[in-house]
Amino acid sequence: MDNQEIRDTLRKKSADIPVPDTLQPDQIEEKLKNKTQNHPRFTAHRRSILTAAAAIAVLCVVGLVPMFTYLSQVREMENDMHAPIVEETTIADNEEKSGVTYDEIYDAITGYHKEQDKYSSNDKDGLNFMEDIASESEKSSGSAPTKKAAESISDDATREAADHSETDTQVNGVMEGDIVKTDGKHIFTVKEGVFGSSVRIYKAEGAHVEELSMIQLSQADCSELYIEGNTLIAIGNLWEEEDSNSIAEDRLWEDVETISRNSTQSHITLYDLSDPAAPEQIRQLKQSGSFNTSRISGGYVYTFTNYSVNSLEYKKDQPEEFVPKANNKLVPADKIRLAGKKGGDSYMVMTSLKLDDHNDFADSQAVLGNFNTYYMNQEHIYAVNPGNWWEGTGKSAIVKYSYNKGKFSFCGNTKIRGAINDSYYMHEYKGNFVFVYTREKPDRTTNGLCVLDQNLKPIGEISDLGVDETIYSSYYIDNMAYFVTFRNTDPVFAVDISNPKKPVLKSELKLPGFSSYLHSFGKDKLIGIGSSSGANERVKLSLFSIGDDYKIREIDKKLEKSGSESTESYAGDNHKCVFVDEERGLIGLAVETWKYDDSDETGATNQKTYYIVYRYHKGKLKKVLDARLSKNSSIENIRGLRIGEYFYIVDADTKGGIEVYDINTWKKAK
């Protein structure tokens, strides 16, 4: 065994050392995702920063256990390298006992904490080092076709008649929240503040935009916003009144933009918009944990949070200290499940709320496990726990629920040898669960696509694609899966899943640079947004054609912006930042440009922010709008939207930060 093999072995086997859920880098990266960057280059380097931190922490942890312990397990690891992608699966049994007891939950959490204590007592310096990493990350903290938005919850005819754009979503019929929304007559924006978020309501009539009112959410964030008929739904983190001053101070030092990821409660707050100039709060419901994501489907809002048991003072006869709550009531024990044999101290909490009967949650359930990546269609919810980060890409746990009229039903869970790092990497096709994954082996990193049946049993797979590369984006169109990997080139793979038992690689196109965002663009085209290769990365837009043989061809590309040293978009971090109108062949996004200057404290000068719009015409992308925005604009908080024949560039950070353009001439409206 050579030195490299020994290093790989040590790194892989360090996964046996339990690490607190709160120190898992998926949570650290989640914090960083929600941090408004002081400069775009920090976003570009986030992956390398996390990798370096992980490498240092691994060295500390490895020192806790004798080397021979790992070396004796090399043969076991080599056998695992050749094992199938799916490790184990559990399916729901109609006659099985649903859920667990509070005593079993207590034992699972206690056992997990004891396991942690056993290792932390061996080397407190190593643990403190890891805690420092988490602490620093918390200080730095704070992913479809275009559809018509709803004027009311049940009026489908009105939905079709609405002539305005809607938030970019992954699945038709499953609405996603955002910080900017429109109902076709008004524009709603969210701004984070020191003591809470504010929602501004503007009346939009062509070129005329007028602020009507402002809603102040005290001691609460608004991470996602929905407009359903005459109801505004604001969802985000909530903090207790006694903590408001310290949290406000933290938020002030973090440039006001940071959302606290340590919140112990989240809120769903509803407002009556019958009079947009004077909105009135209807009700506020609460659930345990920091906000993760939400969806609206079939007249219900579904909210997902992560609740960590931070205290070690909990007692077995006081479940309120270690069991999550929904609207101030403990989630019943028979609606909580344990994910994995090693226990944990973090829950996934999910609730449903009927929008026309919102006195209480329609249902609430929880899973003990750090699930934080979700795919949801109109029938099922798939949640992914990324597993132990000391394994590199590690193993991932997947739990599946069905839902109907707000009621959740457990379907099963499975564990895979690999990582699913984004909701767009998942898809359901004809009842089968499809996902692309990255799997790290001792000698290489590989990527692949796997198909599980309705019971989460493997039925098809195509593996070893993009060896020693990383998946950067994925998109599904019916029976086709498209995904991009990157190391030195940008392979775009097209895999046919028509026969779930035999996925077929139809095309592989290699290009310089990479695409971190993919989206359908008409019936036979795909748009990609990412970065060019080279020392000075620039935003790259690629237009791909999809032939009858499913072959992918790049038919046009654009680099933004000319004359700049480096540029960046936020498309890969948040798909909602991108405006896509497939019917009109339009795509828009904000980009930031800068030049590096070592003498400057931020390392950059000449920063500029633009909003660009391209129109597809005769096989090419033609730029129709190139608007220079305020110097203080942050690309992650800028949205483009259309109402009728007008296009609005909305800066959620700025009061009155709305520019209007005539969509026919693309000149600024007066």
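Keep in mind that this is a model prediction, so the values were computed, not measured. Just so you know, residue 1 is the first one in the sequence shown, and it goes up from there.
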S.K.: Check the pair T485 / Y472 against side chain to side chain contact (heavy atoms under 4.5 Å, CB included), numbers first and verdict last.
M.R.: CA-CA 6 Å; T485 64; Y472 268 64; over 6 Å; no
S.K.: Give me the atom names and distance for the closest heavy-atom approach of I235 to S294.
M.R.: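 Taking every non-hydrogen atom into account, CD1-OG, 3.8 Å.
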S.K.: Taking all atoms of both residues into account, what is the closest heavy-atom pair of H164 and G184, and its distance?
M.R.: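 Closest approach of H164 to G184: CD2-CA, 3.3 Å.
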S.K.: Sequence neighbours left out, what passes ring-ring contact (aromatic ring centres under 6.0 Å, His included) with F493? Give chain and number order.
M.R.: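 F493 satisfies ring-ring contact (aromatic ring centres under 6.0 Å, His included) with F483 only.
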S.K.: Between Y202 and H186, is the ring centre distance below 6.0 Å?
M.R.: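 Ring centroids of Y202 and H186 are no less than 6.0 Å from each other.
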S.K.: Report yes or no: does S532 contribute a side-chain atom to a donor-acceptor pair with the main-chain N or O of R538 at less than 3.5 Å?
M.R.: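 Pair found, side chain donor or acceptor close to backbone of R538.
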S.K.: Any sub-3.5 Å donor-acceptor pair from S396's side-chain atoms to G418's backbone N or O?
M.R.: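 Yes; judged by distance alone, with no hydrogens or angles, the pair exists.
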S.K.: Are E554 and L509 close enough that some pair of their side-chain heavy atoms sits under 4.5 Å apart?
M.R.: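 Yes, close enough: below the 4.5 Å cut-off.
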S.K.: Going by the rule side-chain hydrogen bond (donor to acceptor under 3.5 Å, both in side chains), which residues pair with D556 if we only count those two or more places apart in sequence or in a different chain?
M.R.: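 None.
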S.K.: With a 4.5 Å limit on heavy-atom distance, are the side chains of F291 and S223 in contact?
M.R.: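 Yes, at least one pair of side-chain atoms sits under 4.5 Å.
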S.K.: Apply salt bridge (Lys or Arg N to Asp or Glu O under 4.0 Å) to E645 and list each qualifying residue two or more places apart in sequence or on a separate chain.
M.R.: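 If we apply the salt bridge (Lys or Arg N to Asp or Glu O under 4.0 Å) test to E645, skipping adjacent residues, there are no hits.
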S.K.: Who pairs with F579 by ring-ring contact (aromatic ring centres under 6.0 Å, His included), at least two apart in sequence or on another chain?
M.R.: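 Scan of F579 (ring-ring contact (aromatic ring centres under 6.0 Å, His included), adjacent residues dropped) gives F647.
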S.K.: D581 and R642: salt bridge (charged side-chain N to carboxylate O under 4.0 Å, His left out), yes or no, with the steps?
M.R.: CA-CA 9 Å; D581 189 332; R642 181 189 61 82; 3.5 Å; yes
S.K.: To the nearest 0.5 Å, what is the distance between CD1 (I462) and CG (L505)?
M.R.: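 Separation between the atoms: 4.5 Å.
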S.K.: The test is side chain to side chain contact (heavy atoms under 4.5 Å, CB included); show your working for T609 and I635 and say whether it passes.
M.R.: CA-CA 7 Å; T609 306; I635 56 175; 3.9 Å; yes
S.K.: Donor-acceptor pair, distance only, cut-off 3.5 Å: does the side chain of S507 make one with the backbone of I552?
M.R.: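 Confirmed, S507 side chain pairs with I552 backbone.
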S.K.: How would you list, by chain and number, every residue that makes a side-chain contact (heavy atoms from CB on, under 4.5 Å) with D524, sequence neighbours excluded?
M.R.: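 Partners of D524 under the side-chain contact (heavy atoms from CB on, under 4.5 Å) test: none.
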S.K.: Check whether any side-chain heavy atom of Y375 lies under 4.5 Å from a side-chain heavy atom of Q170, and answer yes or no.
M.R.: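 In contact.
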S.K.: Under a 3.5 Å distance rule, please check whether K191 uses its side chain to pair with a backbone N or O of D653 as donor and acceptor.
M.R.: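 Yes, because the side chain of K191 sits within donor-acceptor range (under 3.5 Å) of the backbone of D653.
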S.K.: Do L225 and I179 have side chains that get closer than 4.5 Å, going by heavy atoms?
M.R.: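 Side-chain contact under 4.5 Å: no.
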S.K.: Side chain to side chain contact (heavy atoms under 4.5 Å, CB included) for L232 and V199? Distances and angles first, verdict last.
M.R.: CA-CA 10 Å; L232 181 150; V199 179; 4.0 Å; yes
S.K.: Just by modelled atom types, is the T445 backbone N or O under 3.5 Å from a matching donor or acceptor in the D468 side chain?
M.R.: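 Yes: the side chain of D468 pairs with the backbone of T445.
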S.K.: According to side-chain hydrogen bond (donor to acceptor under 3.5 Å, both in side chains), who are the partners of S633, at least two apart in sequence or on a separate chain?
M.R.: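 S633 satisfies side-chain hydrogen bond (donor to acceptor under 3.5 Å, both in side chains) with D651 only.
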S.K.: Do T438 and N447 pair up side chain to side chain, a donor and an acceptor below 3.5 Å, judged on atom types alone?
M.R.: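 Distance-only check passes for T438 and N447.
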S.K.: Any sub-3.5 Å donor-acceptor pair from Y648's side-chain atoms to G206's backbone N or O?
M.R.: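 The answer is yes, because a donor-acceptor pair under 3.5 Å joins these two groups.
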S.K.: Heavy-atom distance under 4.5 Å between the side chains of K576 and E224, does that happen here?
M.R.: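 With C-beta onward as the side chain, the pair touches.
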S.K.: Return the minimal non-hydrogen interatomic distance between M426 and I420, and the atom names on each side.
M.R.: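 Heavy atoms only, the tightest pair is CG-CG2, 3.7 Å.
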S.K.: Do I529 and L518 touch side chain to side chain, with heavy atoms closer than 4.5 Å?
M.R.: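 Answer no - side chains too far apart.
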S.K.: Compute the centroid of each ring, for F435 and then for Y425, and state whether the two points are separated by less than 6.0 Å.
M.R.: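 Between F435 and Y425, the centre distance exceeds or equals 6.0 Å.
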S.K.: Does the side chain of H519 pick up a donor-acceptor pair with the side chain of D168 at under 3.5 Å?
M.R.: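 H519 vs D168: donor-acceptor pair found between side chains.
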S.K.: Under a 4.5 Å cut-off applied to non-hydrogen side-chain atoms, are H208 and K203 in contact?
M.R.: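 Of all side-chain heavy-atom pairs linking K203 with H208, none is under 4.5 Å.
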S.K.: Between Y476 (side chain only) and N479 (backbone N and O only), is there a donor and an acceptor less than 3.5 Å apart?
M.R.: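 A pair under 3.5 Å: no.
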S.K.: Can you name the salt bridge (Lys or Arg N to Asp or Glu O under 4.0 Å) partners of D478, sequence neighbours left out?
M.R.: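 So D478 forms no salt bridge (Lys or Arg N to Asp or Glu O under 4.0 Å) with any residue.
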S.K.: Name all residues meeting the salt bridge (Lys or Arg N to Asp or Glu O under 4.0 Å) criterion together with K623; count only those two or more places apart in sequence or in a different chain, and write none if there are none.
M.R.: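 Only E560, D626 meet the salt bridge (Lys or Arg N to Asp or Glu O under 4.0 Å) criterion with K623.
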S.K.: Excluding sequence neighbours, so at least two apart, what forms ring-ring contact (aromatic ring centres under 6.0 Å, His included) with Y610?
M.R.: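 Checked Y610 against ring-ring contact (aromatic ring centres under 6.0 Å, His included); zero matches.
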S.K.: According to salt bridge (Lys or Arg N to Asp or Glu O under 4.0 Å), who are the partners of D178, at least two apart in sequence or on a separate chain?
M.R.: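 Result, salt bridge (Lys or Arg N to Asp or Glu O under 4.0 Å) vs D178: R639.
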S.K.: Parallel, tilted or perpendicular for Y374 and F304, by the 30°/60° rule?
M.R.: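 Geometry flag for F304 against Y374: tilted rings.
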S.K.: Who are the ring-ring contact (aromatic ring centres under 6.0 Å, His included) partners of F371, not counting sequence neighbours?
M.R.: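 Counting only residues at least two positions away or on another chain, F371 forms no ring-ring contact (aromatic ring centres under 6.0 Å, His included).
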S.K.: E211: what forms a side-chain hydrogen bond (donor to acceptor under 3.5 Å, both in side chains) with it, not counting sequence neighbours?
M.R.: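 For E211, the residues satisfying side-chain hydrogen bond (donor to acceptor under 3.5 Å, both in side chains) (neighbours in sequence not counted) are R200.
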S.K.: Among I638, V180, V660, which residue meets the side chain to side chain contact (heavy atoms under 4.5 Å, CB included) test with V650?
M.R.: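 One option only clears the test, and that one is V180.
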S.K.: With no hydrogens and no angle check, just 3.5 Å: does a side-chain donor-acceptor pair link N292 and N372?
M.R.: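 On atom types as modelled, these side chains do not qualify, holding no pair under 3.5 Å.
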S.K.: Spell out, as yes or no, whether a donor-acceptor pair under 3.5 Å connects the side chain of T567 to the backbone of V539.
M.R.: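 Yes, T567 side chain to V539 backbone: donor-acceptor pair under 3.5 Å.
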S.K.: Any side-chain heavy-atom pair from E582 and S520 closer than 4.5 angstrom?
M.R.: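 In contact.
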S.K.: Counting distance only, does the side-chain N/O of Y614 pair as donor-acceptor with the main-chain N or O of K622 below 3.5 Å?
M.R.: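 No.
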